[in-house]
**Student:** 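First, the structure itself, so that you have it in front of you.
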Amino acid sequence: MVIPAKEKRQFPRLSLRTPLRFQIRGTPDYKNVITDNISTAGVGFYSSDFIPPQTPVALEINVLSRILRPFGRVAWSQPLPH
């Protein structure tokens with residue numbers, strides 16, 4: 001029997017698959033990924049590169065035909081097996 005883990009997020013996440021560009025602050029390159037989920041406090045996505053927690057990032061995301069350009073930091077990350 002699997003017991004579901006208690007949700008720790010303060011804001012609910014919505015499943016959303018949309019293009020996202022991100023840049024690690026201080027680097028010239030943007031990476032293109034697809035979001036997995038989004039909330040008022042964060043966005044989840046998968047990247048082929050490991051990004052350590054606390055890394056500052058700049059985002060570009062199209063939501064409801066508007067380009068949002070928030071700045072933030074990586075809250076958590078986990079390497080996935082290939």
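What you see is a predicted model, and the numbers here were worked out from it, not measured in a lab. All values below come from the heavy atoms of this structure, side chains included, with hydrogens, waters and symmetry mates left out.
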**Student:** Residues two or more places apart in sequence or in another chain: which of them pass side-chain contact (heavy atoms from CB on, under 4.5 Å) with R69?
**Tutor:**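 R69 satisfies side-chain contact (heavy atoms from CB on, under 4.5 Å) with E60, I67 once adjacent residues are dropped.
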
**Student:** Test your reading of the model: is there a side-chain donor-acceptor pair from S77 to the backbone of I51, 3.5 Å cut-off?
**Tutor:**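 Confirmed, S77 side chain pairs with I51 backbone.
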
**Student:** Can you confirm whether R17 is buried at CZ, in the sense that more than 12 heavy atoms of other residues, nucleotides or ligands lie under 6.0 Å from that atom?
**Tutor:**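 Atom CZ in R17 is packed in, count exceeds 12.
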
**Student:** When rounded to the nearest 0.5 angstrom, what is the spacing between CD1 in I61 and CZ in R21?
**Tutor:**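 Between atom CD1 of I61 and atom CZ of R21 there are 12.5 Å.
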
**Student:** Kindly compute the distance separating CG (L20) from CG (D36), expressed to the nearest 0.5 Å.
**Tutor:**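 L20 CG to D36 CG: 11.5 Å, rounded to 0.5 Å.
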
**Student:** Give me each pair satisfying ring-ring contact (aromatic ring centres under 6.0 Å, His included) with a member in residues 34-67, each pair once, sequence neighbours excluded.
**Tutor:**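 Residue pairs with at least one partner in residues 34-67: F22-F45.
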
**Student:** Would you check, one step at a time, whether the test side chain to side chain contact (heavy atoms under 4.5 Å, CB included) holds for V63 with T18?
**Tutor:** CA-CA 8 Å; V63 177; T18 190; 5.5 Å; no

**Student:** For P70, enumerate each residue passing the side-chain contact (heavy atoms from CB on, under 4.5 Å) test, keeping only those at least two apart in sequence or located in another chain.
**Tutor:**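 Result, side-chain contact (heavy atoms from CB on, under 4.5 Å) vs P70: L59, L68.
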
**Student:** Keeping the roles fixed (side chain from S15, backbone from N37), state whether a donor-acceptor pair exists under 3.5 Å.
**Tutor:**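 No; judged by distance alone, with no hydrogens or angles, the pair does not exist.
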
**Student:** Applying side chain to side chain donor-acceptor pair (under 3.5 Å), can you list everything that pairs with D49, at least two apart in sequence or on another chain?
**Tutor:**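 Counting only residues at least two positions away or on another chain, D49 forms a side chain to side chain donor-acceptor pair (under 3.5 Å) with K31.
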
**Student:** Which heavy atom in S39 sits nearest to a heavy atom in R13, and how many Å separate them?
**Tutor:**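 S39 and R13 have their closest heavy atoms at OG-NE, 3.6 Å.
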
**Student:** In chain order, what residues pass the side chain to side chain donor-acceptor pair (under 3.5 Å) check against N62, with sequence neighbours excluded?
**Tutor:**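 Not a single residue meets the side chain to side chain donor-acceptor pair (under 3.5 Å) criterion with N62.
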
**Student:** With rounding to the nearest 0.5 angstrom, report the OG to CD1 distance, S47 to I34.
**Tutor:**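 One gets 12.0 Å once the value is rounded to the nearest 0.5 Å.
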
**Student:** What residues, two or more places apart in sequence or in another chain, satisfy salt bridge (charged side-chain N to carboxylate O under 4.0 Å, His left out) together with D29?
**Tutor:**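 Applying salt bridge (charged side-chain N to carboxylate O under 4.0 Å, His left out) to D29 gives none.
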
